[in-house]
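Down below is the structure, laid out as structure tokens.
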There are 2 protein chains.
Amino acid sequence: MTTGAFPEPVTSLIEAFSGLPGIGPKTASRLTYFLLRAPDEQAQGLATALIELKSRTTFCEACYNITEWQPCPICRDGHRDRETICVVENPLDVLAVEKTGVYHGVYHVLHGAISPIEGIGPDNLKIGPLLERVRLNPVKEIIVATNPTLEGEATAMYLQKQLAGLTRVSRLARGLPVGGDLEYVDEITLVRALEGRSEM
Amino acid sequence: MTTGAFPEPVTSLIEAFSGLPGIGPKTASRLTYFLLRAPDEQAQGLATALIELKSRTTFCEACYNITEWQPCPICRDGHRDRETICVVENPLDVLAVEKTGVYHGVYHVLHGAISPIEGIGPDNLKIGPLLERVRLNPVKEIIVATNPTLEGEATAMYLQKQLAGLTRVSRLARGLPVGGDLEYVDEITLVRALEGRSEM
């Protein structure tokens with residue numbers, strides 16, 4: 001979309017937006033045109049938020065979640081059960097579990113999942129710090145909440161092997177999503193739902 | 001998505017992204033998480049582009065296209081035919097016409113189209129400046145290139161009435177899109193294609 005018809009600041013912003021995942025040149029142009037007509041404060045607010053994201057946040061030294069303080073508010077919270085660790089792939093997953101309101105333990109964010117195709121091995125994730133954390137402060141249970149994908153499963157298997165003997169390791173249940181329709185559920189999910197069936 | 005699980009700078013950026021058209025809270029969270037892991041330069045580059053978009057650009061006093069200079073490079077270009085004006089709804093349309101490489105006249109950007117539903121009348125668009133521009137410097141032809149939508153058509157009709165007697169007014173052809181399939185073309189487009197048929 002870079003042509004002489006647009007001034008450099010416009011093409012620069014279109015290119016910057018295009019560098020974000022899921023945003024192509026057409027969407028980038030529309031966002032830019034929207035901001036051109038929006039009040040100055042909106043572009044300024046977005047710019048400030050972008051700068052503060054990097055300058056004001058860091059990763060918690062204990063659980064690797066995003067935080068403004070060390071340790072993060074969850075790790076610091078005296079009401080949380082520090083002997084239960086929920087292991088997730090990324091900070092958005094922490095948010096998802098927190099929103100349920102039923103989990104009162106702490107977290108450990110791996111920042112990804114094992115993926116040989118993408119060249120991501122255990123050493124590229126925060127698995128070492130998790131093992132060290134558990135060795136230093138023994139816990140009752142580790143709930144592996146990686147995604148129900150090939151990469152998430154591989155990561156769960158690896159964690160299970162590494163943590164064997166150190167603590168109890170559990171995995172989120174696989175089964176029918178609530179509100180789903182049996183007719184449209186994929187075979188693998190149905191197999192897992194049958195395997196994991198419970199007495200009524 | 002604003003919860004205590006995320007620090008304020010993160011929720012601020014999620015909210016700022018959510019304020020953009022077509023970006024919901026889920027996408028905003030993903031973009032934010034992407035930038036958290038991306039090199040500092042990427043968030044910084046986007047922030048700078050946002051600030052420069054507003055500080056370094058303005059609208060051309062002649063044609064109302066986005067520009068860094070007064071008048072814009074197209075209006076200033078001595079090789080362009082200043083007696084032909086292509087009237088478009090927004091700056092992205094200028095880009096679309098420029099990309100064809102076959103148009104050598106100048107432009108006039110209306111910044112929208114007449115839409116009674118959205119409360120946009122002729123006075124909210126750059127129609128007054130267009131009439132004044134044509135009265136001061138008579139032109140040979142005005143090509144109305146508003147969108148083939150209800151609003152675009154209404155705007156074209158209005159312009160035609162206002163410009164009647166002042167200059168020749170033409171409208172982009174409506175017909176079959178190149179590469180399209182007759183079978184899938186809507187009725188109105190087919191009617192327009194029949195009406196506008198040409199000798200072979």
Review point. Does A:Pro9 reach the side chain of B:Glu68, with side-chain heavy atoms less than 4.5 Å apart?
Key: yes
Exercise for review: Side-chain contact test, heavy atoms from C-beta onward, threshold under 4.5 Å: evaluate it for A:Leu20 versus B:Gln42 and give yes or no.
Suggested key: yes
Point to revise | Heavy-atom proximity to chain B below 4.5 Å, by part of A:Tyr107 | key: neither
Point to revise | Linked, directly or transitively: A:Val87 and A:Leu150 (ILVMFWY side chains, under 4.5 Å) | key: no
Point to revise | When B:Ile23, B:Leu36, B:Thr27, B:Asp40 are compared by non-hydrogen pairs under 4.5 Å with chain A, the top option | key: B:Leu36
Check your understanding: Just wondering, are more than 12 heavy atoms of other shown residues or ligands nearer than 6.0 Å to CZ in B:Arg76?
Key -> yes
Check your understanding: Does A:Lys54 use its side chain to pair, donor to acceptor, with the backbone of B:Glu41 at less than 3.5 Å?
Key -> no
Point to revise | Part of A:Ser55 lying under 4.5 Å from any heavy atom of chain B | key: neither
Revision key, fill the gap. Between the CG atom in A:Asn90 and the CZ atom in B:Phe34, the distance rounded to the nearest 0.5 Å is 13.5 Å
Point to revise | B:Leu35-B:Ile51 co-clustered via ILVMFWY side chain contacts under 4.5 Å | key: no
**Study point:** Closest heavy-atom pair and its distance - A:Pro91, B:Tyr33
**Key:** CD-CE1, 2.9 Å
Check your understanding: Tell me, side chain or backbone of A:Glu8 under 4.5 Å from chain B's heavy atoms, or both, or neither?
Key -> both
**Study point:** Choice from B:Cys72, B:Pro21, B:Ser12 maximising heavy atom contacts with chain A below 4.5 Å
**Key:** B:Pro21
Exercise for review: Count the heavy-atom pairs under 4.5 Å between each of B:Gly45, B:Gly19, B:Gly22 and chain A, then report the option with the highest count.
Suggested key: B:Gly19
Practice item. Kindly work out whether a path of hydrophobic side-chain contacts (I/L/V/M/F/W/Y, heavy atoms less than 4.5 Å apart) joins A:Leu166 to A:Tyr158. Key: yes
Revision key, fill the gap. In terms of heavy-atom pairs under 4.5 Å with chain A, the winner among B:Thr57, B:Thr48, B:Val97 is B:Thr57
**Study point:** Inter-residue atom distance B:Leu92.CG - A:Ile14.CD1, 0.5 Å rounding
**Key:** 7.0 Å
Review point. Cluster question for you: counting only ILVMFWY and a side-chain heavy-atom cut-off of under 4.5 Å, with indirect links fine, are B:Trp69 and B:Tyr64 together?
Key: no
**Study point:** Closest approach of A:Thr67 to B:Pro7 (non-hydrogen atoms, all atoms of both residues)
**Key:** CA-CG, 3.7 Å
Check your understanding: For B:Leu46, is it the side chain, the backbone, both or neither that has a heavy atom under 4.5 Å from a heavy atom of chain A?
Key -> both
Check your understanding: Which members of residues 111-123 of chain A, sorted by number, sit under 4.5 angstrom from chain B on a heavy-atom basis?
Key -> A:His111, A:Gly112
Check your understanding: Is it true that atom CD1 of B:Ile188 has more than 12 heavy atoms of other residues, nucleotides or ligands lying nearer than 6.0 Å?
Key -> no
